[in-house]
*Asks:* 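My questions all concern the structure below.
For ligands, and for the atoms within them, numbers begin at 1 and follow the listed sequence. These numbers were taken from a predicted model, which means no experiment stands behind them. Along the sequence shown, the residues carry numbers beginning at 1.
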Amino acid sequence: MTSAQLRASFLEFFERRGHTVVPSAPLVPANDPTLLFTNAGMVPFKEVFLGREQRGYSRAATSQRCVRAGGKHNDLENVGYTARHHTFFEMLGNFSFGDYFKREAIEYAWTFLTEVIGLPAERLWATVYEDDDEAARIWLEEIGIDPARFRRIGAHDNFWSMGDTGPCGPCSEIFYDHGPEVPGGPPGSEDQDGDRYIEVWNLVFMQYDRDAEGNLHPLPSPCVDTGMGLERLAAVIEGVHSNFETDLFVPLIDAAGEIAGVSDRGNASLKVIADHIRACAFLLADGVLPATDGRGYVLRRIIRRAVRHGYQLGIEEPFFYRLVDPLERVMGEAHPELAERRELVEKILHQEERSFRETLEHGLALLDDHLAQASGEVIDGDVVFKLYDTYGFPVDLTADIARERGLAVDHDGFERRMAEQRERARAASRFGGPRQEVVDAGESRFTGHETLEDTGEVTALYRDG
Ligand code: ATP
Ligand code: MG
Ligand code: MG
Ligand code: MG
């Protein structure tokens with residue numbers, strides 16, 4: 001079974017059970033300033049869960065494109081370091097809006113995994129929220145899961161929220177055991193470093209709406225929201241451990257490898273590039289443009305990380321845009337938006353890479369000089385600031401490079417320099433001097449950038465929980 005067949009069989013399974021198949025919504029949530037990007041399948045249905053919007057159906061199924069590269073759910077730093085995290089992924093989901101609840105949600109999931117996909121029950125583990133006796137009873141008595149592969153877990157993993165406010169509730173997660181060859185402990189164990197037990201499906205029992213003070217209010221009617229990573233399930237059915245070895249990624253890794261002259265599919269930079277082209281191309285296709293703040297700055301940061309990895313592989317010319325073609329071949333049928341905006345997507349990626357390449361090499365040289373002289377394990381805040389201000393290196397890019405070399409960055413020192421710069425800019429404008437304008441990425445000086453996570457301003461801009 002290919003990933004395309006998997007997606008289709010999921011949707012068909014739920015369609016046969018009375019679900020309306022709804023096309024993926026864009027990555028930019030409609031009318032929702034609390035959220036940076038669509039980070040789960042439930043996002044387009046948020047108002048329906050809250051009882052504020054009615055649709056012509058009470059059951060739905062989707063394959064929703066998601067980005068987790070900022071805000072509450074941010075997996076950017078995991079990419080390339082785990083077998084299962086991406087900035088962009090597709091979430092397969094079935095939803096009940098006041099229709100069925102825990103029993104059917106669990107039964108459907110179990111039937112799909114064990115009967116439709118044919119996964120052996122001995123490979124599957126289930127968890128529930130520690131106080132959720134009802135879900136525990138369904139798993140143990142109705143499904144008959146082996147208690148050895150069943151766990152009750154606390155709120156950190158088993159109480160799901162979209163953000164700081166909004167719909168939330170206890171959840172039940174299903175894990176696949178990739179076998180003893182892979183390191184890592186079972187769900188709920190201390191050993192969370194490995195990737196042996198991979199969470200494939202989360203069944204959320206939406207029961208509450210959390211307000212800004214953190215109080216939980218019962219929803220008008222309990223709902224179900226489930227999410228299963230297409231890439232993770234594809235790895236399971238294709239018999240590979242890492243998502244990067246599936247048919248969703250191999251063509252992208254091979255295309256990038258061919259440009260770079262690198263044939264090792266396990267190369268970390270190739271994986272990062274393959275991940276990032278998916279996020280960047282779909283963000284652009286969904287209307288996000290590179291910018292100095294907000295969503296557009298997240299996009300720009302991901303593009304620059306990819307470009308830096310390409311540079312590291314020895315690619316001398318702009319290359320990133322060339323991956324849109326293989327991406328369209330992999331994803332175009334399921335997500336036609338990409339083909340519709342392809343020309344624009346390629347053009348902007350090309351432009352962004354060309355301009356960043358003008359300063360990238362000099363910035364890296366500066367960093368190398370500094371590291372050759374400096375001792376210690378932290379990259380000086382002044383250097384981080386100079387890279388940011390003069391060479392257009394977002395802080396997370398410098399941190400990415402630092403991490404590869406076993407170093408950290410001095411965030412506090414950087415923040416101090418940023419604050420000083422803001423103060424200077426304010427003073428200059430007060431005395432009628434030239435205001436520091438935000439300049440485009442095409443120029444060699446990068447002033448006035450508002451960073452996101454780095455200054456905490458993202459929370460002011462988009463409160464993504
Ligand atoms: P994990 O614990 O592995 O980080 P999660 O608990 O954060 O996953 P959920 O918020 O429950 O994930 O999302 C539902 C499903 O979406 C997960 O079970 C997983 O299959 C998939 N998923 C979540 N995050 C990612 C990601 N960054 N890349 C790929 N798939 C993901
Ligand atoms: Mg996660
Ligand atoms: Mg989890
Ligand atoms: Mg989860």
*Asks:* Which is closest to atom 8 (O) of ligand 1 in terms of heavy atoms, R68, Q64, E199?
*Replies:* E199

*Asks:* Inspect the contact between K347 and E343 and indicate whether a charged nitrogen and a carboxylate oxygen are less than 4.0 angstrom apart.
*Replies:* no

*Asks:* I need the nearest protein heavy-atom contact for atom 11 (O) of ligand 1: residue, atom name and distance, please.
*Replies:* N202 ND2, 2.7 Å

*Asks:* Which of these passes side chain to side chain contact (heavy atoms under 4.5 Å, CB included) with L6: V236, D247, L248, L233?
*Replies:* L233

*Asks:* If we only count heavy atoms from C-beta on, is the E238 to E245 side-chain gap below 4.5 Å?
*Replies:* no

*Asks:* Report, as a single number, the protein N, O or S atoms less than 2.8 Å from the Mg ion (ligand 3).
*Replies:* 1

*Asks:* Kindly confirm or rule out an N or O of D157 lying under 3.5 angstrom from an N or O of ligand 1.
*Replies:* no

*Asks:* Polar-atom distance check: H73 versus ligand 1, any N or O pair below 3.5 Å?
*Replies:* no

*Asks:* Between R232 and E90, is there a side-chain N and carboxylate O pair less than 4.0 Å apart?
*Replies:* no

*Asks:* Among all protein heavy atoms, pick out the one at the shortest distance from atom 14 (C) of ligand 1; state its residue, atom name and that distance to 0.1 Å.
*Replies:* G227 O, 3.5 Å

*Asks:* Show me which atoms of ligand 1 lie under 4.0 Å from any heavy atom of G229.
*Replies:* 16 (O), 19 (C), 20 (O), 21 (C)

*Asks:* Look only at interatomic distance and state if D75 has a nitrogen or oxygen under 3.5 Å from any nitrogen or oxygen of ligand 1.
*Replies:* yes

*Asks:* Could you tell me how the ring of H73 sits relative to the ring of W160: parallel (under 30°), tilted (30 to 60°) or perpendicular (over 60°)?
*Replies:* parallel

*Asks:* Check ligand 1 against E173 and write out every atom of the ligand that is under 4.0 Å from a heavy-atom position of the residue.
*Replies:* 6 (O), 11 (O)

*Asks:* Can you tell which of H156, M91, H86, H85 gets a heavy atom nearest to atom 16 (O) of ligand 1?
*Replies:* M91

*Asks:* Can you find a side-chain donor-acceptor pair between H86 and N243 that sits under 3.5 Å?
*Replies:* yes

*Asks:* How does W160 reach ligand 1, by side chain, by backbone, by both or by neither, if only non-hydrogen atoms under 4.0 Å count?
*Replies:* side chain

*Asks:* Measuring centre to centre across the rings, with the benzene-like ring taken for any Trp, is F319 within less than 6.0 Å of H350?
*Replies:* no

*Asks:* Considering only NZ, NE, NH1 and NH2 on the basic side and carboxylate oxygens on the acidic side, decide whether E337 and R65 come within less than 4.0 Å.
*Replies:* yes

*Asks:* Under the 3.5 angstrom rule, does the side chain of D275 hit a backbone N or O of T87 as a donor-acceptor pair?
*Replies:* yes

*Asks:* Counting each atom of ligand 1 from 1 as listed, which ones have a heavy atom of V200 under 4.0 Å away?
*Replies:* 18 (O), 20 (O)

*Asks:* Using heavy-atom distances only, which candidate in Y176, F89, F175 approaches atom 25 (C) of ligand 1 most closely?
*Replies:* F89

*Asks:* Taking only Lys NZ, Arg NE, NH1 and NH2, and the carboxylate oxygens of Asp or Glu, determine whether D195 and R84 approach each other closer than 4.0 Å.
*Replies:* yes

*Asks:* Can you confirm, on distance only, whether ligand 1 has an N/O atom lying under 3.5 Å from any N/O atom belonging to M228?
*Replies:* no

*Asks:* Quick check, are the ring centers of Y100 and Y108 under 6.0 angstrom apart?
*Replies:* yes

*Asks:* How close does the nearest protein non-hydrogen atom get to atom 19 (C) of ligand 1, and which residue and atom is it?
*Replies:* R232 NH1, 3.4 Å

*Asks:* Aromatic ring centroids of H335 and F282 under 6.0 Å?
*Replies:* yes

*Asks:* Below 4.0 angstrom, N of the basic side chain to O of the carboxylate: do R308 and E404 qualify?
*Replies:* yes

